[in-house]
There are 2 protein chains.
Amino acid sequence: MTDVSSEKPRPLFRPLAVPQVDVRGFWGDRVDAVASRTADILYQRCVDAGMLDQINPDRPAPGVRIPFHVGEGFTARTVTTQMFWDSDIGKTIETAAYSLYRKPNPTLEAKIDAIVDMYAKLQQEDGYLSSWYQRVQPGLRWTNLRDCHELYCAGHLIEGAVAYFQATGKRKLLDVMCRYADHIIAMFGPELEKRKGYCGHEEIELALVKLARATGNRKYLDLAKYFIDERGRSPHYFDQEARARGADPKDFHFKTYQYNQSHKPVREQDKVVGHAVRAMYLYSGMADIATEYGDESLLVSLDRLWDDLNAKNLYVTGALGPSKQNEGFTCDYDLPNESAYAETCAAVGLVFWSSRMLGMGPNARYADVMERALYNGSISGLSQEGSLFFYENPLRSHGDHHRWVWHRCPCCPPNVGRMVAAIGGYMYGLADDAIAIHLYGDSTARFEIGGRAVRLKQTSRYPWDGAVEITFDLETPTRFGVYLRIPGWSRSASLQVTGAPIDLADVTRDGYALVEREWKAGDVVRLALEMAVERLYAHPDVKADFGRVALMRGPLVYCLEGVDNPAPLHRIRLPVGAELTPRFADDLLGGIVVLEGSAEAERVEDWSGALYRTDPPRWDAVPLKAAPYFAWDNREPGEMEVWVREG
Amino acid sequence: MTDVSSEKPRPLFRPLAVPQVDVRGFWGDRVDAVASRTADILYQRCVDAGMLDQINPDRPAPGVRIPFHVGEGFTARTVTTQMFWDSDIGKTIETAAYSLYRKPNPTLEAKIDAIVDMYAKLQQEDGYLSSWYQRVQPGLRWTNLRDCHELYCAGHLIEGAVAYFQATGKRKLLDVMCRYADHIIAMFGPELEKRKGYCGHEEIELALVKLARATGNRKYLDLAKYFIDERGRSPHYFDQEARARGADPKDFHFKTYQYNQSHKPVREQDKVVGHAVRAMYLYSGMADIATEYGDESLLVSLDRLWDDLNAKNLYVTGALGPSKQNEGFTCDYDLPNESAYAETCAAVGLVFWSSRMLGMGPNARYADVMERALYNGSISGLSQEGSLFFYENPLRSHGDHHRWVWHRCPCCPPNVGRMVAAIGGYMYGLADDAIAIHLYGDSTARFEIGGRAVRLKQTSRYPWDGAVEITFDLETPTRFGVYLRIPGWSRSASLQVTGAPIDLADVTRDGYALVEREWKAGDVVRLALEMAVERLYAHPDVKADFGRVALMRGPLVYCLEGVDNPAPLHRIRLPVGAELTPRFADDLLGGIVVLEGSAEAERVEDWSGALYRTDPPRWDAVPLKAAPYFAWDNREPGEMEVWVREG
């Protein structure tokens, strides 16, 4: 399928394709919700927004409908969300593709086919394809890469095309996007006659890697690498481009090129800065290129960025980007709970990045974070039944934050949709002589190793329980390695392979236990992960979390919701030694584990009109119930908080 | 001096005039700073801003210089700060007046005389006087009372005129303002042909009471009462006025008439709402009218408003109005520390209101709050040497909040200036047969009681020490009552009168001990107030203060400043039982009492790159030093917090 890995100097782990993994259990329910509901909703809301009018060359050109900065009037310098509608359609196609694999849906497939036909018809002779620049702003293509999402849109359509090809075998959109990618190759690159540009919103880089892997064409990889290498070099492309269109480079709404991570060459970057989604997409592309080219210089930079994110700029839920202002990062340890922007897309982007860091080999340093973002700050963006969406994912709410039906900047719904529908792809990594299990969960994976077909079945109630049983099915006994992740949150774990206990200390490196042997049909691996209720404390410089603890069990971050607790949440505190007991509540939200225990509520009755007093507060015992954060706001609207007062 | 008190049904206490009290000690230093520096600075900054160009009829009309809402362009509906320049000049005259009494300053007096001459020359034949409506927007007077501060400006000029007359004996400005007040009487009132209006920014009400008291003319009282009675009645004057000038009444920037407390008649109001300074000025005027007319219906309303403010909406510093949005109140218990707007003028306004609540008789319920606002959230607005000013008075700062030289909306500097310079007026209340001592402090008061001159001398290091000695000097022994406030913060107190101990429980009512006797020269009252270091806890619904304590000693709220403490403030906690010892630091800020003790700082060294962990934080012992809040930001710039972590 690909010819690009021949030069790599170290083992390369690639995700299994989505159709290779059947998920059941926790993720199975969520994939089903996306396949049976979200995918159709996404399509319909694109239609309702008028997106199809924009891409359909048989309809009159729609003009500008949705100026982003209302009130200023539309100018060539103004961004409208319509400029990136191709990306929303691309992600919608991608979600539909994975969903069709899960559950046939001829009606939806026909609708996607019709969209593909529109794009095929819209594409210009030279391969160029952008519903915005062809239909609304003709004549201006490639004049404002900084602001206008042109290559970003191409990237999302490429991702959609690859997914649709993999799920349905239909090549039409893939071919269209290859022609467009070829056109982009003709426009951008190191050659004298080509533009030295790259996109203000990263995305094309990781998409081109997918295209290269799907088509076996190295040229797409090379273009992705070019975009990454060129980013942030001097003289700055966005300066030159601005002057070329008669604008002052300083006239940039976001003031600094940190906003789009082009403030310096990527190999010199060491702080996560700017727009969080852009950052995650860039780092994802860098990780892909590091893997494919064995590029150690990129790895060094990625590890510095990883440390910066994880040591100072990541919410406990795996969410990131606290500020609405730049939709991104601010300063170290600035992690406010109530005003957290924490865009769904950014946590989804972190799943993308961390999963790609596993390309260089299994390492729990990355997989633990991927799991944290997956189970908490990303899927919180999708309602239980798959029909409502969070854009922002605060860690505290006074009761006024709820999922919406749609958004005029609808980037998050298809992003969380495609991530959930593609979950199988994040669970396993395959190398020439090894399979890595990054995520546990009831599922079956099929793959080939050493030319032999293997069927690997996980049986588990994960994440509600830490016991995992893995059975192997293969015709001929085959020697290969199995990497089993030992999550950082588990205080102890035990492993048996076909009845024989294995000392984890002997075989574990980088948080993965490696079992290398000749595997035969019927072999069983039993992994037991201790899944205790943990209280997490935040670094003393996270001002928002002082005196508070976050509750976790396994990969799940918990929260208090008003509906589960008797007192206003700000009055509740969890005593230091108080025990919390997990209980599987099968009647709740399709079956979840809740944490229950006894807490204390600050008494207000004895304040009798005082606002301040010298008597310390008094407390009454109250029951406390915590539920998984991802599932909040699926019942009665009300208060929520992740960081609970302790004392 | 006045003929308006003959009908009052209950004893009426009026403040001593400023020149009747010589202050020394704590307040003496502050008055000296205002008299020797602030008063001149205020004048000069008015000149620099161009204010004199606007009032001087011999200069060309200056036009619009300072549009308040920049970018929208100036229209008749736009407010500019220039519209209320007369008020800034009025307050500057008032500050200068009290300062001249304190310390002769012929140069400044000549400058004020020149301003008075300008106003006298500017005044129209009919008495009307407004530099804005005469010089910048002629023809529009009385068309927008809601937004344009027309009567507010008159009020401040009246207050300035009264003060200047009292301090210098010069009547010229007082006569000008009487003519203007007479004109206003001709314009507004219950008579059919008159307007039924009142000002969007209250102030004229309390000013007219001062004018009535200074001139003995009851008509000014009646007009003040009319403005108060009319406020918020239906049909609403601001609606009618808007329609009359061709505007839509709904086109009101602040949306609701709660903003200016005209949402309902004042006797039906029970929540403090809207713009905090406006609210304080209104309630001050209401208290004056309640006192002068013995109006119980106003008192009932005032007490409800008082309870609402004190039980749910007052910062521990006596500051108020948390929101920048409306410069005012939001919802109950919403008292954020860092983002506190807490305008200096609002705390000054609370001093005005609470001092007027003492007109109906001594009551520590009001005097305690007056003292809290005086010593904390109001004088924080003025730097130690009297030259720099806070507009906002947050209770926590990361180090970026500092006093400024001037402001384009310069209401606060002359407001805190005139309050400090007039401090003597807040210390004592005089009735026909009694004197009330509301505030303690080194000072001498001269007054007449029963036609006999009394000289009362307080000797005290208050607020640094709770011992107060009061000696009496009068030619003929005279029977009268002396009300001595027993502050609510004092856990125990003892009283001796000329050597004989008095049981406070027997003589104390409403927080004041009453000693009625025939006083003769040489009588000595000794009051000892226990002044312990107290930890204050906030009501559980004040979310911003959970897990924190405020430190008080006597009337002073303390804070931590970065300059005094070794660790970043957010990492410091004060153990529950830890003792704090007061120490007079005579080398610090002119001599202040600091609180010293041992605290704990959260250790960061052992976090080694983690952002979250299951180990609870560890702590190191550190020294802690707290200084009075009012004095913060007078040394090295840095962090500050009033509410200190406890635990």
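The chains referred to below are lettered A, B, ... by the order of the sequence lines, with proteins before strands, and numbering in each begins at 1.
B/Ser490 places a side-chain N or O within 3.5 Å of a backbone atom of B/Glu530 that can act as its donor or acceptor partner.
For chain B, no part of A/Arg573 is nearby; none of its heavy atoms comes within less than 4.5 Å. Proximity to chain B is limited to the backbone of A/Ala610, based on heavy atoms less than 4.5 angstrom apart. For A/Arg618, no part lies near chain B; criterion is any non-hydrogen pair under 4.5 Å. Residue B/Lys543 touches chain A through its side chain alone, counting heavy-atom pairs closer than 4.5 Å. Heavy-atom distances place the side chain of A/Arg571, and not its backbone, under 4.5 Å from chain B.
Residue B/Arg304 holds its CZ atom at 14.5 Å from CG of B/Leu309, rounded to the nearest 0.5 Å. From B/Leu556, atom CG reaches atom CZ of B/Arg372 across 11.0 Å, with rounding to the nearest 0.5 Å.
Looking only at heavy-atom pairs under 4.5 Å with chain B, the residue among A/Val604, A/Val542, A/Asp541 that has the most is A/Asp541. Across A/Ala601, A/Ala311, A/Ala550, A/Pro568, the residue that shares the most heavy-atom pairs under 4.5 angstrom with chain B is A/Ala311. Contact tally against chain B (heavy-atom pairs below 4.5 Å) for A/Trp489, A/Tyr537, A/Tyr333: the top residue is A/Tyr537. Your options are B/Pro540, B/Gly547, B/Gly609, and the one with the most heavy-atom pairs under 4.5 Å with chain A is B/Pro540. Between chain A and the options B/Pro616, B/Gly647, B/Pro617, the largest number of non-hydrogen pairs under 4.5 Å is found for B/Pro616.
Geometric assessment of A/Arg396 against the ring of A/Trp643 yields a negative cation-pi assignment under the 6.0 Å and 45° thresholds.
A donor and an acceptor atom, one from each side chain of A/Glu534 and B/Thr614, are nowhere located under 3.5 Å apart.
Aromatic ring centres of B/Trp306 and B/Tyr283 lie farther apart than the 6.0 Å criterion allows.
For A/Arg491, the CZ atom sits in a loose shell: 12 or fewer heavy atoms of surrounding residues, nucleotides or ligands are nearer than 6.0 Å.
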